K.L.:
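Let me begin by handing over the structure; questions about it come next.
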Amino acid sequence: MSLHKYIFVFCFLLLTSIIVSAQNNNQVIRSKTVWNDDKGSHINAHGGGVLFHQGRYYWYGEHRLPKGDAPSGGVSCYSSADLCNWVNEGIVLATTNEAGHDLERGCIIERPKVIFNPITGQFVMWFHLELKGQGYAAARAGVAVSDSPTGNFQFLRSGRINAGVYPANMTQEERAFIFDNDKYKEWWTAEWYRAIDKGLFVKRDLESGQMSRDMTLYVDEDGKAYHIYSSEDNLTLHIAELTDDYLHHTGNYIRLFPGGHNEAPAIFKKEDTYWMIASGCTGWQPNEARLFSSPTMWGPWTQHANPCIGTDAAITFGGQSTFALPVEGANQLVIFMADVWNPDNLIDSRYVWLPVEFQSDGTPTIAWSEQWSPLDFVVQPEPLFSLFEE
Ligand code: DGJ
């Protein structure tokens, strides 16, 4: 073969391999479409959150089963170096066939989040747990640990939160107030709302512990971790501090917006402000996102206008918040993560991931975009490696 032919064949092979690798190496995020993992299956990690650990992203979420099967298949994990291409790491917390176990097949596991504890070296997962056959009545939080981000996680326990302890922001007068429960049998009246505001349901659940449904975790710069969950029959958010090993609640907690009906909390910090995005309570149907801010985790929290902009902004682009992910090495990028639920086939629920933009006064907004790339936010040259290193 002549030299020209060699060069031609070499260039042809090089071009082909570049095209093939570009096809296998997706660099964009297209919300609401099917997101295939490395095995070609739609990612099954709903209501989830992402942990960044030693240069890799770990996405944990609800592993849903086909309709007619059990409501929960446990918690799945996917890993990625670039937030666009995900390797299926399997189910890292499984349900069990053991009768009477908290995780007995038939239970509901929702909104798992994982954080890393530098003191114990353990990965700590908290999740919303409903016991088999009880619908959404148990309203518990479960906790599990693992030595590796890809599991298996060992289930420790589940239960209600901070039994016997009043929230720090409930006044002495509210704590001492004795409710005439007969007056509040009818829900949604003005009188009932006033009683909720004063802590009717906090008192109802004081001995057994506070209800915990939709939830997230947040680790602050000082290493303190917080569990943020919908409590009091989804009427009121609570922020509860975790112990230094992240395995228990310290008893220090507050109520946020009593009677505000906030679900699906997601928290991030920008400069000195904590921002929280949540949804209203409309089951699997999308509603308008809510935005709150505070100078400290303990408040005072203030509500702002809907942060979403553009097509379907009034229904959070068809999704419901689940997590806010600050991306290291990418110029101040925070990714807003949401679920587009398909209640008829939860496995096929889709994802909305969009970059949070910050206005000149620091207020976050989220604009709809058909597709975008985390690469657009990478600061050149050095952080490229921390974000995309294998
Ligand atoms: C809304 C919650 O945000 C979801 O996680 C799930 O619990 C559904 N409700 C169930 O209807």
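In each ligand, atom 1 is the first atom listed, and ligand 1 is the first ligand listed. Given the structure is predicted, the values throughout are model-derived calculations rather than measurements.
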K.L.:
Under the salt bridge (Lys or Arg N to Asp or Glu O under 4.0 Å) criterion, do K269 and D220 qualify, and how do the steps go?
P.N.:
CA-CA 8 Å; K269 190 178 185 183; D220 212 337; 3.5 Å; yes
K.L.:
W86 and W35: aromatic ring centres closer than 6.0 Å?
P.N.:
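That pair fails the under 6.0 Å test.
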K.L.:
Regarding E370 and K32, does a basic nitrogen lie under 4.0 Å from an acidic carboxylate oxygen?
P.N.:
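Salt bridge between E370 and K32, a charged N being under 4.0 Å from a carboxylate O: no.
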K.L.:
Would you mind listing each N/O atom of ligand 1 next to any protein N/O under 3.5 Å, plus the distance?
P.N.:
residue: ligand 1; atom: 3 (O); partner: R111; partner atom: NH2; Å: 3.0
residue: ligand 1; atom: 3 (O); partner: D214; partner atom: OD1; Å: 3.3
residue: ligand 1; atom: 3 (O); partner: D214; partner atom: OD2; Å: 2.5
residue: ligand 1; atom: 3 (O); partner: E263; partner atom: OE1; Å: 3.4
residue: ligand 1; atom: 3 (O); partner: Q320; partner atom: OE1; Å: 3.1
residue: ligand 1; atom: 3 (O); partner: Q320; partner atom: NE2; Å: 2.9
residue: ligand 1; atom: 5 (O); partner: E110; partner atom: OE1; Å: 3.2
residue: ligand 1; atom: 5 (O); partner: R111; partner atom: NE; Å: 3.0
residue: ligand 1; atom: 5 (O); partner: R111; partner atom: NH2; Å: 3.4
residue: ligand 1; atom: 5 (O); partner: D214; partner atom: OD1; Å: 3.3
residue: ligand 1; atom: 7 (O); partner: E110; partner atom: OE1; Å: 2.6
residue: ligand 1; atom: 7 (O); partner: E110; partner atom: OE2; Å: 3.4

K.L.:
Do the charged groups of K224 and D244 touch, with an N to O distance under 4.0 Å?
P.N.:
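The answer is yes: the pair qualifies as a salt bridge.
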K.L.:
Excluding sequence neighbours, so at least two apart, what forms salt bridge (charged side-chain N to carboxylate O under 4.0 Å, His left out) with E130?
P.N.:
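Partners of E130 by the salt bridge (charged side-chain N to carboxylate O under 4.0 Å, His left out) criterion, ordered by chain and then number, come out as R213.
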K.L.:
Is the distance between the ring centroids of W275 and F292 less than 6.0 Å?
P.N.:
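No.
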